[in-house]
Amino acid sequence: MASQENIRNIAIIAHVDHGKTTLVDEMLKQGGIYRENQATVERVMDSGDLERERGITILAKNTSVRYKDYKINIVDTPGHADFGGEVERILKMVNGVILLVDAAEGPMPQTRFVLQKALELGHKVIVAVNKIDKPDARIHEVMDEVLELLLDLDATDEQFNSPTVFCSGRQGTASYSPDEPGTDLTPLFETIVNYIDHPQGDETAPLQLLVSSIDYNEYVGRIAVGRVERGTIRVNQDVVISDYHDPSVRDKGKVVALYTFEGLTKQPVQEAKAGEIVALSGMSDITIGRTLCAPDTVEPLPFVKISDPTIEMTFSVNDSPFAGRDGKYVTSRNLRDRLERELLKDVSLHVTEQGTDAFNVAGRGEMHLSILMETMRREGYEFAVSTPRVLTKVIDGVVCEPIERMVADVPENCTGAVIEKMGRRKGDLVSMNPMGSRFRLEFLVPSRGLFGYRNEFLTDTRGEGIMSSVLDSYAPMKGDIERRLTGSLVAFETGEACSYGLFNAQERGSLFIGAGTPVYAGMVVGICSRNEDMEVNVCKKKQLTNMRAAGSDEALRLVTPRVFSLEQCLEFLADDEILECTPKNLRIRKRELDHAERKRQLMKKRSQE
């Protein structure tokens, strides 16, 4: 087992798509984890199906590499702002961070967020400028931007003078100078070993271990992951589970199995000393933020306060006419159990029950909640969700809403369209900087102003724009924001859509369904070109008579229907609509399915206005 002086615990933090996971791949290869003839997978740390499909990291994961006599424990963290809770809690496990910055894009909103958390904990920082082999790399400007960011975040003198390494994650090279091409990652390993402090825990003191993340396994149940702060932890050792924020928690537990991270696998060990990152099983009710202590010295460790959620949705039992056709788990009990299970490993998620069959689920952003929904769909759950709502706070007697710092990287000829749309959504332009033939626009915009904007943004920038946002602050409510300028095409009767009905309906707007799709009354089947809802009968068949007229037998040409992804469905939802999620289908429907009742409610609303 590596002695404390030979252990380095680091986290790799960066904005989404800046190449963290690719760099970890190369570190693993050069750290001797694989056999010479072993088949390897790209982005091996993105082990989940959704992570592979979307090309993003969702869960923070542990691995380790060996360099000379040193063991370097690495935590690969998500880069998307909605999974910031994952980053916040694992920073307690490490002694330093590698701040990875794209040589073309420079620091982005999430870079600021995670770096701020690392600086607050006093961690040492190694700046790694990645993708230096890109044709549009602007290395010297990016380094200036990183220094400005460190100044902005009140870094200490030592943090401000952090060492810089220049990498190409894809080629697996690093160098101390941007002008000298590297041959391997030795400069990066050397900087980690020489600059990052080794853990400082006392190996002879009573045990203390803070649980920073939770893994789950069908065979052994919950697996706690954390760093041994002091003392030594052994298999079959009795421990007391305590909580810094709740002194009443004093549960007894026993360490049944103990593992350290060796490369991509967990290695069973009999004991681990202070400074080592370990995984352990045997305690069924262990949660993130709890401290394992020796029974005779119970001293819980403080745990970083996770930022509050900003968005809420209502998850409810699916009560549509097609309920129960696709799903394996459809009852409120199934839904409750699944959400409670998610709470055990996701600290930034909040769930509150609303009556018997509905739950308010609050998270860090649309992406955060949509990943949960997609995961549940794939597991066989069937449920309905409402439109996303922002969570407000009352500050000094004033109702305040979350404000996002949104950065858009757009072609020069698209800046006008983006600024205009942001103005309509109550966004304030903070800065506008040229970057070659493109512009970087920075806005402060209410969170609800970004609902449904991503598709519009991609259209306005012809698919070339890049946008990302992170929670900045809370400010007084900014007034009404119009979310949608179009209405919905609503099915008038239950049945099967046929070509004749669809042909007549497609003149009113664009459709979501094709011929042969089962529909029910009140289901949304398309987008209306007007700013109002319109009933259409897509099940209407052509009257078959023996009368013929010129042109009556012409072939009906149907326009290809628009198929929405889960995120696009959430963006499209109006306040009086619900999204029905099943393992096979995503259907948008009106809350009130009865056409006459909807009309009555609309007339009542207009008379009140």
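Below, all heavy atoms of this structure are taken into account, side chains as well, without hydrogens, waters or symmetry copies.
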Do [X] and [Y] get their side chains close enough for a donor-acceptor pair, meaning under 3.5 Å?
X: N585; Y: D326; value: yes
X: S447; Y: E404; value: yes
X: Q354; Y: T314; value: no
X: T392; Y: E401; value: no

salt_bridge([X], [Y]) N-O dist < 4.0 Å:
X: D575; Y: R389; result: no
X: K328; Y: E382; result: no
X: E535; Y: R598; result: yes
X: R589; Y: D319; result: yes
X: E145; Y: R138; result: yes

message: Checking K590 against D576 for the side chain to side chain contact (heavy atoms under 4.5 Å, CB included) test, could you report, in this order, the C-alpha distance in whole Å, the side-chain angles of both residues, the deciding distance, and whether it holds?
response: CA-CA 6 Å; K590 291 291 179 184; D576 64 338; 3.2 Å; yes

Near-ring test F512/F572, centroid separation under 6.0 angstrom: yes

message: Apply ring pair (Phe, Tyr, Trp, His ring centres under 6.0 Å) to residues F383 and F359 and explain how you reach the verdict.
response: CA-CA 11 Å; F383 53 96; F359 306 86; over 10 Å; no

To the closest 0.5 Å, what do you measure between [atom1] ([X]) and [atom2] ([Y])?
X: R462; Y: N413; atom1: CZ; atom2: CG; value: 5.0 Å
X: E420; Y: R424; atom1: CD; atom2: CZ; value: 4.5 Å
X: L489; Y: R530; atom1: CG; atom2: CZ; value: 10.5 Å
X: E571; Y: Y453; atom1: CD; atom2: OH; value: 11.5 Å

message: Looking at every heavy atom in both L335 and V317, which two are closest together, and how far apart are they?
response: CD2-N, 4.2 Å

statement: When every non-hydrogen atom of L349 is compared with those of G363, the smallest separation belongs to CD1-CA, 4.4 Å

query: Going through the distances and angles, do R405 and F443 end up as a side chain to side chain contact (heavy atoms under 4.5 Å, CB included)?
result: CA-CA 6 Å; R405 182 176 291 272; F443 297 91; over 6 Å; no

For [Y], does its backbone N or O pair with a side-chain atom of [X] as donor and acceptor, under 3.5 Å?
X: S488; Y: I527; answer: no
X: T517; Y: I513; answer: no
X: E374; Y: I371; answer: no
X: Q506; Y: V559; answer: yes

- request: With side chain to side chain contact (heavy atoms under 4.5 Å, CB included) as the test, would you mind laying out the steps for N130 and D102 before giving the verdict?
  value: CA-CA 5 Å; N130 193 28; D102 188 299; over 6 Å; no

Tell me whether the count of non-hydrogen atoms from other residues, nucleotides or ligands lying under 6.0 Å of [atom1] in [X] goes above 12.
X: R341; atom1: CZ; answer: yes
X: R508; atom1: CZ; answer: no
X: R333; atom1: CZ; answer: no
X: Y329; atom1: OH; answer: no
X: F457; atom1: CZ; answer: yes
X: D480; atom1: CG; answer: no

- request: Test side chain to side chain contact (heavy atoms under 4.5 Å, CB included) on R377 and T582 and set out the steps.
  value: CA-CA 6 Å; R377 278 184 71 203; T582 76; 5.7 Å; no

field: Cation-aromatic face contact R448/F451, 6.0 Å, 45 degrees
entry: no

task: Begin from the C-alpha positions of R438 and E412 and carry the test salt bridge (Lys or Arg N to Asp or Glu O under 4.0 Å) through to its verdict.
output: CA-CA 5 Å; R438 298 168 73 86; E412 192 175 349; over 6 Å; no

